[in-house]
Amino acid sequence: MSFTTPPRPFDITALFPQLAPLARTATRLHPRPGSPTVHDSSVGGPLLWPADEPWPYCDEPHDSRAEPVVHTPDDVRLLRRDRAAAAERRRLDPEAPQWTPEERATWERLANRPWFDGPIPLLPVAQLYARDVPFPRPPEADLLQVLWCPFDHETAHPRTALFWRSSATVTHVLDAPPEPPVVQRDCYLPETCLFSPEQVTEYPHPSELDEELQDQLEDESRWESIDPALYTTYADDPGELYLNNLSTAPGWKTGGWTRWSLTDPKPRPCPACGTEQVPLLTLASSEWDGGSGTWIAEEDPTDTSPPPLGARDGRYTLIDIVGGYNLQLHVCPADPSHPHIELVQ
């Protein structure tokens with residue numbers, strides 16, 4: 001199905017015309033659980049990977065002390081099914097046991113997986129076809145594949161690898177890609193989802209605006225023509241309203257503006273040529289948070305029974321980046337095949 005972002009509470013450019021030329025188009029991807037094929041744009045789904053191309057591995061060492069318990073990808077899938085079954089059982093009968101003896105026995109059995117010290121096959125994270133989703137790309141490419149190593153590196157999050165290709169050149173597809181023997185954390189195995197792309201308009205994060213415009217956004221007298229009920233519903237002050245509900249969209253998306261939260265904006269020069277890199281793809285821990293509820297799609301039911309696992313807080317992909325943040329991938333607009341930059345915000 002398609003998803004529709006509700007209209008913004010009001011047109012911010014009517015109050016601040018200086019923002020109009022700064023508008024950018026972002027594509028919200030709205031990942032939702034599904035069963036994609038290699039010919040679909042997806043999260044965690046099968047990739048259109050050439051049968052004669054070696055599967056990528058991470059050869060770097062991984063810290064066995066990082067997690068007391070590790071699981072195989074199949075373990076994670078089984079545990080997720082058990083959690084979903086338990087949630088449905090409690091929904092139907094609030095007096096039902098939280099966990100059955102069988103479920104407890106499964107957890108105990110899966111808690112003894114040995115650590116693995118060898119090279120780790122990368123996991124599929126996302127596949128984007130240009131016919132479905134606009135994104136910066138090399139001229140000959142119409143397909144972007146994002147994989148990662150499901151272990152923390154020096155950046156305390158999985159390291160990503162980008163692969164650009166022309167889908168028409170892939171005539172024989174790899175049937176059974178290797179999977180990692182273990183993953184460091186359950187949240188590093190994406191739940192399989194399909195995308196429902198939707199284009200929205202974004203404006204810069206407040207800290208990317210000039211000082212004068214920042215001050216104007218914080219000046220409540222500039223908002224006097226707006227009924228306070230239109231913004232106090234969403235935020236304690238106008239600046240917060242702009243930050244969470246009028247500037248950058250939350251969730252998985254391509255393009256648009258960078259969504260800053262942990263640090264102030266900083267330069268992102270291309271490691272190869274120095275050109276300032278632009279947002280390519282945001283891998284988000286959730287589709288919304290407590291401050292950005294106006295971005296929840298109109299088609300997202302609030303009373304689904306039972307909701308998909310993770311749906312109540314917008315965590316459809318079941319991934320988690322450093323405790324709920326976003327992993328934003330930036331690429332060089334001059335040549336997207338140059339090394340990309342990872343930014344956690």
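None of the values given here were measured: they were computed from a predicted structure. Throughout, residue positions are numbered sequentially from 1 according to the sequence presented.
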Full working for side-chain hydrogen bond (donor to acceptor under 3.5 Å, both in side chains) between H30 and E198: CA-CA 8 Å; H30 297 298; E198 177 205 19; 2.8 Å; yes

Does one side chain, of R268 or T258, offer a donor that lies under 3.5 Å from an acceptor on the other? yes

Salt bridge R32-D300, side-chain N to carboxylate O under 4.0 Å: yes

Would you check if the side chain of S247 reaches a backbone N or O of Y242 as a donor-acceptor pair within less than 3.5 Å? yes

Ring-face cation of R28 near F3 (centre distance under 6.0 Å, axis angle within 45°): no

Is any side-chain N of the basic residue among R83 and E103 closer than 4.0 Å to the acidic one's carboxylate O? no

Donor-acceptor pair, distance only, cut-off 3.5 Å: does the side chain of D11 make one with the backbone of T13? yes

Donor-acceptor contact below 3.5 Å, side chain W257 vs main chain E208: no

Verify whether the ring centers belonging to W223 and F16 lie closer than 6.0 Å. yes

Look at atom CD of E140 and say whether more than 12 heavy atoms of other residues, nucleotides or ligands are closer to it than 6.0 Å. yes

Student check: side-chain heavy atoms of E60 and C149 closer than 4.5 Å: no

Should L22 and L246 be counted in the same cluster of Ile, Leu, Val, Met, Phe, Trp and Tyr side chains packed under 4.5 Å apart? yes

Using the ring centroid of each side chain, check whether F151 and W115 are separated by less than 6.0 Å. yes

How are the rings of W49 and W55 set to each other: parallel, tilted or perpendicular (split at 30° and 60°)? tilted

Are Y129 and W164 connected, step by step, through hydrophobic side chains (Ile, Leu, Val, Met, Phe, Trp, Tyr) whose heavy atoms are closer than 4.5 Å? no

Taking P250's backbone N and O only, do any of them form a donor-acceptor pair with E287's side chain (distance below 3.5 Å, no angle check)? no

Main chain of Q216, side chain of R222: is a donor-acceptor contact present, judged purely on distance under 3.5 Å? no

Show the numbers, then the answer: is there a side-chain contact (heavy atoms from CB on, under 4.5 Å) between T248 and K253? CA-CA 10 Å; T248 56; K253 64 183 181 180; 3.9 Å; yes

If the threshold is 4.0 Å, N to carboxylate O, is there a salt bridge linking R185 and E67? yes

Are the side chain of E202 and the backbone of A249 linked by a donor-acceptor contact shorter than 3.5 Å? yes

Pair N326-T282, side-chain donor/acceptor within less than 3.5 Å: no

State whether R77 and E191 are salt-bridged, where the test is any N-O pair (Lys NZ or Arg NE/NH1/NH2 against Asp/Glu carboxylate O) under 4.0 Å. no

Using modelled atom types and a 3.5 Å cut-off, is there a donor and acceptor pairing between side-chain atoms of S292 and backbone atoms of W288? no

Hey, which of I319, D152, D320 is the one that makes side chain to side chain contact (heavy atoms under 4.5 Å, CB included) with Y188? D152

Can you tell whether the side chains of D142 and R165 come within less than 4.0 Å, N to carboxylate O? no

Can you check whether S207's main-chain N or O pairs, donor with acceptor, with H205's side chain at less than 3.5 Å? yes

Could you walk me through whether E154 and R159 pass salt bridge (Lys or Arg N to Asp or Glu O under 4.0 Å), step by step? CA-CA 9 Å; E154 71 278 1; R159 177 179 298 162; 2.7 Å; yes

Whether the side chain of E299 engages the backbone of T4 through a donor-acceptor N/O pair (distance < 3.5 Å, no angle test) should be reported. yes

Checking R89 against W99: charged group under 6.0 Å from the ring centre and within 45 degrees of the axis? no

Does V331 offer a backbone N or O that forms a donor-acceptor pair with the side chain of H340 under 3.5 Å? no

